[in-house]
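When reading the values below, keep in mind they use all heavy atoms of this one structure, side chains included, and skip hydrogens, waters and symmetry mates. Keep in mind the model is a prediction, meaning the values are calculated, not measured.
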Amino acid sequence: MQTLLLILLAVIVTTSASAKETYISYDVIETRRTASDHRESITQISLLPGDDINYYYREDVYGSTTPVVTAIYFQNSYKRKATEKEKKDLILKLLEANIFHLKSDPKSESKEYFTDLNVRINDRECRYFFNTPPKSPTRKAIHDIMLKFTKKTKVDQPLDRAKATTVTEGDLQPARQVQLTEILENLDKYHGKRVSVIGYYHGEFEGSSLSVDEKASKSNDLKRSIWRSEPSTFAEKSAIKDKNNAWLRVDGVFLRGPRGHMSLWPGEITRLTRVEPVSKP
């Protein structure tokens, strides 16, 4: 078996220029829930034509009750090419793990876990979709092979962990009352802080703006608005009294921008614990 795989690998490496280049991508989206934290992690690993390595990792926090919350987001793309040996080793290990003998999972409505595996080696190409974590020997092996590849090539860590880490206050920390204009003038000062603000809210397709006044909302003045996101997983349902085209008091965590759809807003208020209609200030 080993001899056969080595022969196959030799054919792959010495194939004619007309053959398709190796392409391997492994994307994993996973929801993690504990009694105090709810977040989604996205991991993307790719060996691209031309031997460029792509690594992307992101954590989106949907709710957290710990006093301090950290989340990591970074991307190492086109900063490193795989050497010929690294490429050959990866291909051989994937073939040894029988990557072309996998089968996709049946369709599922579950949003807790999703994997997209797309592989092209020489003229053979397959794409698989999985809705469950790796449990079979083959899937476990492939999962470990891809993670070890990123570790060996040293692309699985941010160049500057401090810059890649967002630190915020937890969703049950006291919210400081502050004017929306004050936040917009001091984005760095309030980044990661729990705030309580009043603004005019307008929500539509690909739009969710909390603005300093109705004029800014109607004129779509995004420089005088922040993106309004969703309630925290740990918010009391009775505290979320939403209303469109209305003045609202909103409690949540502020994140400096660019944020929102197409990153057009200067900031965002997220993990909301209170949405309450109020009179015009």
Side-chain angles (χ1 to χ4, degrees), residues 26-45 55-75 105 107-116 129-135 139 143 147 156-158 161-176 183 190-197 201 203 206-210 226-242 248-261 263 265 267-276:
Y26 187 63
D27 300 346
V28 180
I29 303 175
E30 184 175 12
T31 297
R32 304 172 187 171
R33 296 176 188 263
T34 68
S36 61
D37 192 270
H38 172 205
R39 66 183 63 202
E40 181 181 81
S41 67
I42 302 172
T43 305
Q44 296 178 342
I45 304 167
Y55 186 90
Y56 172 98
Y57 182 79
R58 175 172 178 165
E59 292 177 335
D60 291 320
V61 181
Y62 298 134
S64 188
T65 60
T66 57
V68 177
V69 184
T70 61
I72 297 176
Y73 165 49
F74 69 97
Q75 186 168 4
D105 285 346
K107 288 186 177 181
S108 171
E109 295 182 0
S110 173
K111 297 181 180 179
E112 298 294 300
Y113 186 94
F114 178 75
T115 293
D116 179 353
F129 301 98
F130 307 109
N131 302 300
T132 55
K135 294 181 180 179
R139 283 196 55 207
H143 182 78
L147 293 185
D156 64 339
Q157 296 298 323
R161 181 164 287 273
K163 289 184 178 180
T165 303
T166 298
V167 181
T168 65
E169 295 178 336
D171 302 352
L172 300 186
Q173 298 303 109
R176 51 189 64 70
I183 292 178
Y190 291 101
H191 177 64
K193 307 298 184 184
R194 280 263 298 160
V195 298
S196 179
V197 297
Y201 176 67
E206 297 181 344
S208 182
S209 283
L210 190 69
I226 60 174
W227 179 267
R228 204 209 81 175
S229 194
E230 299 299 318
S232 163
T233 304
F234 300 96
E236 295 289 341
K237 290 184 179 180
S238 60
I240 309 299
K241 305 181 182 72
D242 214 344
L248 301 176
R249 176 172 288 282
V250 179
D251 294 4
V253 174
F254 176 75
L255 299 173
R256 64 171 175 259
R259 293 279 172 171
H261 179 63
S263 300
W265 281 256
E268 169 186 12
I269 187 165
T270 186
R271 290 160 33 205
L272 313 180
T273 55
R274 174 166 66 159
V275 178
E276 182 178 70

Participant: Decide side-chain hydrogen bond (donor to acceptor under 3.5 Å, both in side chains) for Ser64 and Arg271; before the verdict, give the C-alpha distance in whole Å, the side-chain angles of both, and the deciding distance to 0.1 Å.
Facilitator: CA-CA 8 Å; Ser64 188; Arg271 290 160 33 205; 5.6 Å; no
Participant: Taking 4.0 angstrom as the limit, do Glu112 and Arg33 come out as a salt bridge?
Facilitator: yes
Participant: Taking atom types as modelled and ignoring hydrogens, do the side chains of Asn131 and Ser108 form a donor-acceptor contact shorter than 3.5 angstrom?
Facilitator: no
Participant: Measure the spacing between OH of Tyr73 and OG1 of Thr166 and express it to the nearest 0.5 Å.
Facilitator: 10.0 Å
Participant: Is it true that Tyr55 and Thr43 share a donor-acceptor pair across their side chains at a distance under 3.5 Å?
Facilitator: no
Participant: Look at Glu59 together with Arg39 and state whether they make a salt bridge at an N to O cut-off of under 4.0 Å.
Facilitator: yes
Participant: Would you check if Ile29 and Asp116 make a side-chain contact, meaning some heavy-atom pair closer than 4.5 Å?
Facilitator: no
Participant: Does atom CD of Glu206 have more than 12 heavy-atom neighbours, drawn from other residues, nucleotides or ligands, at distances under 6.0 Å?
Facilitator: yes
Participant: Does a side chain donor of either Ser229 or Arg259 reach within less than 3.5 Å of an acceptor in the other side chain?
Facilitator: no
Participant: Nearest heavy-atom pair of Phe129 and Phe114: which atoms, and what distance?
Facilitator: CD2-CZ, 3.5 Å
Participant: Can you find a heavy atom in the side chain of Asp251 that is under 4.5 Å from one in the side chain of Arg194?
Facilitator: yes
Participant: Locate the shortest heavy-atom distance separating Ile240 from Ala235; write the atom from each residue and the value.
Facilitator: CD1-CB, 4.3 Å
